[in-house]
Amino acid sequence: MILRTLEHVLNHTSFFLLFLVTLLYWGNLVFKKNEKMSDLGQKSMIIAFICITGFLLTRWFYSGHLPLSNLYESFMFFPWSLCLIHTVTENRSKNNWLGTITAPSTMLTHGFATLGLPKEMQQSTALVPALQSHWLMMHVSMMMLSYATLLCGSLLAIASPVITSKKHMDIPLFDANTNPYIWFFLFKNNNKRKESFFLSKTYVSLSINSDKNQLTQQLDHWSYRIIGLGFPLLTIGILSGAVWANEVWGSHWNWDPKETWALVTWLVSAIHLHTRITKGWQGKKPAIVASSGFFIVWICHLGVNPSGKGLHSYGWLIRDMI
């Protein structure tokens, strides 16, 4: 009873913190370079990560198995993974823009698990015989962590062309060949206020475009690195699942719906990395591939299991609701 109460407190505390983190990071977009808001957001994200970690450990302790056996537990593993990716990446990049993307994603996945799923599905149950294996920790944790990593990288890749599409009205520089009227305006009128206003508008425009280009380059760079991390994690998850399937079902590959969509996810991620490495794609082209990967990951994780079809339907939506 005490452990379940602790689990309940940690669950709702982490959700409140993630909601606060989202407000802080988005508020920091309005109040640019507000160090207090940025610092509070970073610390709140770390505390939320600790709370989710405590939640998973508590559930693991009283259930006796890794808390990844049903839809609720897997969705609670998503915000844990996203918090971990956010903390590591933000420390490496030394920028606070990452939280504007990862914080809402973390909050929404946590909110779906806590508020969107029925209470009956949130109860811990005993594992079915097929899941009572040491491969559960290796296979399922790698798959969930790879899904979260690929989703985070895809979101960053999608955000890059969205920012690029926002156009600003640029005031041209002093070039008599491109606009001779500038010289006439400045030297004939000799109006210091107009000249000062013109210069300030030009510098502001250049500063905005420079910041935008720098941000899109950082988004593109980190999306590539994060997807590059998620790809080997997904590979390890698929290979360990094949070994486990051979022990349980007598075959490494059965073309189960879950296996098929996992393979499609792997191929899309491989295509994205291949085009980046060999052709040097940047900007919109890899973002298109990454956006397709974003939806495919959700289909693989959330679209296949709830149908109750296939060999991977243990402990998921249909079984839990019966």
Side-chain angles (χ1 to χ4, degrees), residues 10-56 72 74-117 144-163 166 211-212 214-216 218-227 229-230 287 290-291 293-295 297-298 301-302:
L10 291 172
N11 185 14
H12 287 78
T13 302
S14 60
F15 177 75
F16 171 77
L17 288 171
L18 291 173
F19 180 76
L20 176 63
V21 169
T22 302
L23 294 180
L24 290 172
Y25 274 102
W26 280 92
N28 205 29
L29 290 177
V30 179
F31 306 100
K32 294 183 178 179
K33 297 181 179 180
N34 191 313
E35 295 183 0
K36 291 184 178 180
M37 293 183 64
S38 178
D39 184 62
L40 182 59
Q42 294 175 2
K43 292 180 180 179
S44 299
M45 180 66 85
I46 294 174
I47 297 174
F49 173 75
I50 295 173
C51 289
I52 299 174
T53 303
F55 165 85
L56 294 174
Y72 171 71
S74 68
F75 259 92
M76 288 303 299
F77 193 77
F78 260 100
W80 181 87
S81 302
L82 290 173
C83 285
L84 178 63
I85 296 168
H86 164 87
T87 303
V88 174
T89 308
E90 189 172 56
N91 290 333
R92 293 292 300 275
S93 64
K94 304 301 180 181
N95 287 301
N96 56 13
W97 46 261
L98 185 65
T100 59
I101 299 174
T102 57
S105 305
T106 308
M107 181 194 68
L108 290 174
T109 53
H110 193 300
F112 176 79
T114 305
L115 305 175
L117 295 177
M144 293 298 104
L145 188 59
S146 67
Y147 289 161
T149 307
L150 293 174
L151 286 173
C152 183
S154 298
L155 285 173
L156 296 181
I158 295 170
S160 179
V162 171
I163 295 175
K166 301 298 182 180
D211 292 342
K212 183 181 71 173
Q214 183 180 4
L215 178 57
T216 53
Q218 290 178 344
L219 288 171
D220 187 71
H221 169 74
W222 282 104
S223 68
Y224 169 62
R225 296 191 64 177
I226 292 175
I227 293 176
L229 173 63
S291 62
F294 175 82
F295 293 105
V297 170
W298 278 120
H301 177 60
L302 189 59

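For the numbers below, each heavy atom of this structure counts, side chains included, while hydrogens, waters and symmetry mates do not. The first residue in the sequence is number 1, and the count goes up from there.
- Rounded to the nearest 0.5 Å, atoms CG (Asn11) and CG (Leu56) are 9.5 Å apart.
- When atom types are taken as modelled, the side chain of Thr109 and the backbone of Thr106 share a donor-acceptor pair closer than 3.5 angstrom.
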(request) Mind running ring pair (Phe, Tyr, Trp, His ring centres under 6.0 Å) on Phe75 and Phe78 for me, showing each step along the way? (result) CA-CA 5 Å; Phe75 259 92; Phe78 260 100; 5.8 Å; yes
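- Residues Thr13 and Cys51 come closest through the heavy atom pair CG2-SG, 4.0 Å.
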(request) Decide yes or no on side-chain contact (heavy atoms from CB on, under 4.5 Å) for Trp222 and Arg92, but give the supporting numbers first. (result) CA-CA 10 Å; Trp222 282 104; Arg92 293 292 300 275; 3.5 Å; yes
(message) Please evaluate residues Cys83 and Leu18 with respect to the criterion side-chain contact (heavy atoms from CB on, under 4.5 Å), reporting the C-alpha separation (whole Å), side-chain torsions for both, the decisive distance (0.1 Å), and the verdict.
(response) CA-CA 9 Å; Cys83 285; Leu18 291 173; 4.0 Å; yes
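- Taken from CG in Leu155 to OG in Ser105, the straight-line distance is 4.5 Å, to the nearest 0.5 Å.
- Across all their heavy atoms, Gly153 and Ser223 have their closest contact at O-CB, 3.2 Å.
- Here Tyr25 pairs with His86 under the ring pair (Phe, Tyr, Trp, His ring centres under 6.0 Å) rule; sequence neighbours left out.
- To the nearest 0.5 Å, atoms CD1 (Ile46) and CG (Leu84) are separated by 11.5 Å.
- Expressed to the nearest 0.5 Å, how far CG of Leu10 lies from CE of Met76 amounts to 9.5 Å.
- Remark: Phe49 engages Trp80 in a ring pair (Phe, Tyr, Trp, His ring centres under 6.0 Å) (not counting sequence neighbours).
- Here the shortest heavy-atom pairing between Leu17 and Ser44 reads CB-O, 4.2 Å.
- Rounding to the nearest 0.5 Å gives a distance of 9.0 Å between OG of Ser14 and NE2 of His12.
- For Met45 against Val21, the heavy-atom pair with the smallest separation is N-CG2, 3.5 Å.
- For the pair Thr102/Ile85, no side-chain contact is recorded, criterion being any heavy-atom separation below 4.5 Å from C-beta on.
- Closest heavy-atom contact between Leu82 and Cys152: CD2-CB, 4.0 Å.
- Note that the CE atom of Met107 and the OG1 atom of Thr22 stand 4.5 Å from one another [nearest 0.5 Å].
- With a 6.0 Å radius and a threshold of 12 heavy atoms from other residues, nucleotides or ligands, Phe112 has its CZ atom above the threshold.
- A heavy-atom distance below 4.5 Å is not found between the side chains of Thr149 and Ile227.
- Nearest heavy-atom pair across Pro79 and Ile52 is CB-CD1, 3.9 Å.
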